[in-house]
Every structure is written in structure tokens, then in C-alpha cells.
Amino acid sequence: MSDMKPILLAAALIAIAPAAEQVPPASADYLRAHEKFLASDLLEGRGTPSRGLDIAAQYIASEFEKYGLKPAVGDSYFQETTYKSRQGVEGKVRNVVGVLPGSDPKLKDTYVLVTAHYDHLGVRKKENPEPGEDLIFNGANDDGSGTAGVMECARILSQMKTRPKRSIVFMCFWGEEQGLRGSAYYGKNPVFPLAATTAQINLEQIGRSDSDEGVKKAGFNITGATYSDLPQMIAKAAATVGVKYIEDPQHSDPYFMASDNGALAMVGVPAHTISVAYSYSDYHRVGDHWDKLDYPNFALVVRAAATAAYAVADSTAEPKWNTENPRAKRYAEARAKGGG
């Protein structure tokens, strides 16, 4: 792994203006309510495609509308297409997209993405299940937590009297568990110009603090931590609300392409994922239920993510790929070609 010091120095030179008002705290109660719905048996694990995934999309869109976000696709919150899954199931699928317009006459036409995937693994196929056996992959932490986090970021940032200079796009992707399908579809069919997309902050598995590596509180990891200066911009903003960036060399690089930031990085957008627990006892198991999340800690991390999104969107500086890191070379080259 390359040395962190040059990146830290570069980040220190980036002027991030403090918000005229502090980003409000996130609500553990709102996050719990979102999780109880998204990870309920009613949604049958939000497989791609499925009825449960459709219900989740409608729910997210209704929350975006409630918070006053602007529809991103004409008068709709849905970027829709058709997809056939690896299991042979075909149907309509939707990225859910809402916009909080920026305040600067010029920079409002540039964008910071706050994203997560709202799909999961659906229902386990079993010929002779035991009576009452749990067969639903509810996906509360993976990635109901990121989805709830995006909605809560939208709620608290829409309350602020002072809008950031750039527009913030809140987006929830379908099909991450099928191989980053929804985010890759967006990368090929962007609603907003990739060259004008300043950054992507992706939220993945942020609700549980009971990591396999031990309990993690008031902190988060970032994938591809040395690939661009965006991670240090995020860390600097999060520190202002008492949440620390925890360096994790073991997972940072290997997990860079494991979530939806990877698809946007491939088309040149400086894009990284915030995570709390990369691995935990119920990862990709039917026991990933809403009542196992650490909601007070979850709320702290969401506030930190919202503060980071605001800071990046309010800065006149744009995140840059680290051209000194060979692992970031292809992403920097994609950016140099126009962002896509």
C-alpha cells in the first residue's frame, strides 16, 4: 500500500469551507423505522428483480419526495430499465434518484452523489424447509443500512437553511448483489454528466458495530483510501462531528471494487465507499435482521457522511485521483478522458 503522507498533505491544502450552519444530527428513530420496513419479511429480501425490490423503490421515492428533493429523470425519481437475473428472472428495475439543488449559479450544475444499493439476496430456494425455517435474506445491514443512511442524509441536509454550492444527488441502486448492475447501468447512462460529477460517497454496511474484528464505534473505514484525496476530505469533515476515519489497510484496497463506488470509479468519478463492518456474523446470511443494528452508532456515522457530503459539495475544490498510486491509474485515465 502506498504511503498515506502525500495524500494527507494534499488533503490539508484543500480548502473546505465550514458550513454556515452545522449539519443536524441524524435520527436513530428514523433509521430504525426505515430498517424495520426495508428489512421486513414483506419485502422478501429485495431480490433483483422482485416485487419486494419494487416496493422498496416506491418507498425510497416517497421519502425523497417528502424531503423536497427534485425528481432527476424528468418528473420521475426512477431511472428504469429491464434486467434478467442470473437465476433467469426478468423484470423492470429502477435506480431511485433525487436532487437537492445547489446554491451557486455555476457550481449548482456540478454534482456530488450520495449512494447505496437497496437490493439484497431475496429468498433461499430449498425443497424441504423445516416448519418455520427462516429462508429470507432480509439484508438489514447489507445494504438496508446504506439505503436508510441515504434517506436520512437527504432528510437532514434538506432541512438546512444554507444550501451547498454544488447539487447533491441522492441515489439508491438496484442489482449490486448481481455484480454492481444498477450502478454500472448508471455509469453507461448517466442522468447527470460524468464530467460534472465531482464525487461519489457510497454507503455500505454502516449499521452494525459488531464487526468480526471487534466492536467498532464512532468511526468508519473508506475503501481505496489512497486512490484519491476524497477520503481525506471525508475524514476531515467527519472529525468535526466527532466521528473518526479508521485506516484499514487489510480491507481498503481489496474492497474498493466490491460495492457501487467501483462502477463509477471505472468511468472516472472519484468514488469511495464508507463502511463500518466489512464482515460480521450474519453477512450474506438470513440472520441479517433489523434488530441487530447499533442505531445510536448508526446515527453518528450517517451524520458524519452527511457532513462530508455537504463539505465536498460546498467546496470550490474538486477531488482528484492520486496519479502517484499505480492502482488508481485507470480511474485517473478515465477522468482525463472526460469522466466517462
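None of these values were measured; they are calculated from a predicted model.
Atom CD1 of Ile55 sits about 9.0 Å away from atom CD of Gln58, to the nearest 0.5 Å. Here the CG atom belonging to Leu230 is positioned 5.0 Å from the NE2 atom belonging to His272, to the nearest 0.5 angstrom. In this structure, NE2 on His117 lies 11.5 Å from CD on Gln178, to the nearest 0.5 angstrom. Here OH of Tyr280 is found 4.0 Å from CG of Asn141. Values are rounded to the nearest 0.5 Å. Note that the NZ atom of Lys92 and the CZ atom of Phe78 stand 11.5 Å from one another [nearest 0.5 Å]. Atom CZ of Phe173 sits about 7.5 Å away from atom OH of Tyr186, to the nearest 0.5 Å.
Side-chain contact between Gln22 and Thr240 is absent, with no heavy-atom pair separated by less than 4.5 Å. Using a 4.5 Å heavy-atom cutoff, the side chains of Leu107 and Thr316 are in contact. Between Ile222 and Thr273, every side-chain heavy-atom pair lies at or beyond the 4.5 Å cut-off. Within the 4.5 Å cutoff, side-chain heavy atoms of Thr82 are placed close to those of Glu90. Taking the side chain as every heavy atom from C-beta outward, Tyr295 and Trp290 approach each other to under 4.5 Å. Between Phe220 and Ile234, some side-chain heavy-atom pair lies under the 4.5 Å cut-off. Within the 4.5 Å cutoff, the side chain of Leu69 has no heavy atoms near those of the Val99 side chain.
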Intermediate values then yes/no, salt bridge (Lys or Arg N to Asp or Glu O under 4.0 Å), Glu35 and Arg32 | CA-CA 5 Å; Glu35 286 284 359; Arg32 184 181 293 106; over 6 Å; no

Are Glu63 and Tyr59 close enough, and set up right, to give a side chain to side chain donor-acceptor pair (under 3.5 Å), and what steps lead you there?
-> CA-CA 6 Å; Glu63 292 299 298; Tyr59 178 83; 4.6 Å; no

Tell me, with the steps shown, if Glu176 and His120 meet side chain to side chain donor-acceptor pair (under 3.5 Å).
-> CA-CA 8 Å; Glu176 190 266 2; His120 196 50; over 6 Å; no

When you look at Thr223 and Asn261, which way does the side-chain contact (heavy atoms from CB on, under 4.5 Å) test go after all the steps?
-> CA-CA 9 Å; Thr223 60; Asn261 69 287; 3.9 Å; yes

Derivation and outcome, side-chain contact (heavy atoms from CB on, under 4.5 Å), residues Leu31 and Asp29 = CA-CA 5 Å; Leu31 293 168; Asp29 290 338; over 6 Å; no

When you look at Leu113 and Asn202, which way does the side-chain contact (heavy atoms from CB on, under 4.5 Å) test go after all the steps?
-> CA-CA 8 Å; Leu113 310 184; Asn202 188 57; over 6 Å; no

Take Arg155 and Glu152, measure what salt bridge (Lys or Arg N to Asp or Glu O under 4.0 Å) needs, and give me the verdict at the end.
-> CA-CA 5 Å; Arg155 186 185 73 84; Glu152 183 63 357; 2.7 Å; yes

Report the C-alpha distance between Arg335 and Lys320 in whole Å, list the side-chain angles of each, state the deciding distance to 0.1 Å, and finish with yes or no for side-chain contact (heavy atoms from CB on, under 4.5 Å).
-> CA-CA 9 Å; Arg335 192 63 168 175; Lys320 305 293 184 186; over 6 Å; no

In sequence, state the C-alpha distance, the side-chain angles, and the governing distance for Arg181 and Asp119, and then conclude on salt bridge (Lys or Arg N to Asp or Glu O under 4.0 Å).
-> CA-CA 11 Å; Arg181 299 294 182 177; Asp119 68 299; over 6 Å; no

Given the rule in the salt bridge (Lys or Arg N to Asp or Glu O under 4.0 Å) test, do Asp314 and Arg166 qualify, once you have shown the distances and angles that lead to the verdict?
-> CA-CA 6 Å; Asp314 202 47; Arg166 304 179 194 274; over 6 Å; no

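Of all heavy-atom pairs between Pro129 and Leu135, the closest is CB-CD1, 3.8 Å. Between Ala199 and Pro319 the shortest heavy-atom distance is CB-CG, 4.0 Å. Residue Ala304 comes nearest to Val243 through the heavy atom pair CB-CB, 3.7 Å, listed as atom of the first residue, atom of the second, then distance. Nearest heavy atom pair, residue Asp142 against residue Asp288, reads N-OD2, 3.3 Å. Summarising the geometry of Ile206 relative to Ser275, their closest heavy-atom pair is CG2-CA, 4.2 Å, with the distance given to 0.1 Å. Nearest heavy atom pair, residue Gly224 against residue Asp253, reads CA-OD1, 4.1 Å.
Within a 6.0 Å radius of CD in Glu130, other residues, nucleotides and ligands contribute 12 heavy atoms or fewer. Annotation for Phe192: atom CZ counts as buried by contact number, over 12 foreign heavy atoms lying within 6.0 Å. Within 6.0 Å of NZ on Lys292 lie more than 12 heavy atoms contributed by other residues, nucleotides or ligands. Within 6.0 Å of the NZ atom in Lys126, the count of heavy atoms belonging to other residues, nucleotides or ligands exceeds 12. Around CG of Asn189, the count of heavy atoms belonging to other residues, nucleotides or ligands within 6.0 Å exceeds 12.
Under the salt bridge (Lys or Arg N to Asp or Glu O under 4.0 Å) test applied with Arg208, the options Asp294, Asp282, Asp291 reduce to a single match, Asp282.
A tilted orientation is assigned to the rings of Trp174 and Tyr83, their planes being inclined by 30° to 60°.
Looking at Glu204 and Ser259, their side chains do bring a donor and an acceptor atom within 3.5 Å of each other.
Judged by distance alone, the side chain of Asn297 and the main-chain N or O of Ala218 form a donor-acceptor pair under 3.5 Å. The main-chain N or O of Pro101 is never found under 3.5 Å from a side-chain atom of Ser167 such that the two would form a donor-acceptor pair. Judged purely by atom type and a 3.5 angstrom limit, Ser211 uses its side chain to pair as donor or acceptor with the backbone of Glu213. Side-chain N or O atoms of Lys236 include none that pairs as donor or acceptor with a backbone N or O of Ala308 at under 3.5 Å. In this structure, Asp260 contributes its side chain and Gly262 its backbone to no donor-acceptor pair below 3.5 Å. In terms of modelled atom types and a separation under 3.5 Å, the side chain of Ser252 and the main chain of Pro249 share no donor-acceptor contact. Side chain of Thr197 to backbone of Pro193: a donor-acceptor contact under 3.5 angstrom is found. Within the 3.5 Å criterion, the main-chain N or O of Ala311 finds no donor-acceptor partner in the side chain of Ser315. In this structure a side-chain-to-backbone donor-acceptor pair under 3.5 Å is present from Ser103 to Arg163. With Ser228 contributing its side chain and Pro270 its backbone, the two residues share no donor-acceptor pair below 3.5 Å.
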Quick one: side chains of residues 39-49, donor-acceptor pairs under 3.5 Å with protein atoms, not counting sequence neighbours, listed by atom name and distance.
residue, atom, partner, partner atom, Å
Ser40, OG, Phe37, O, 2.7
Asp41, OD1, Asn138, ND2, 3.0
Arg46, NE, Tyr118, O, 2.5
Arg46, NH1, Leu38, O, 2.8
Arg46, NH1, Asn138, O, 2.7
Arg46, NH2, Gly139, O, 2.9
Thr48, OG1, Gly175, N, 3.4

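Taking the centre of each ring, His251 and Tyr278 come in below the 6.0 Å mark. Aromatic pair Tyr77/Phe170: centroids not less than 6.0 angstrom apart.
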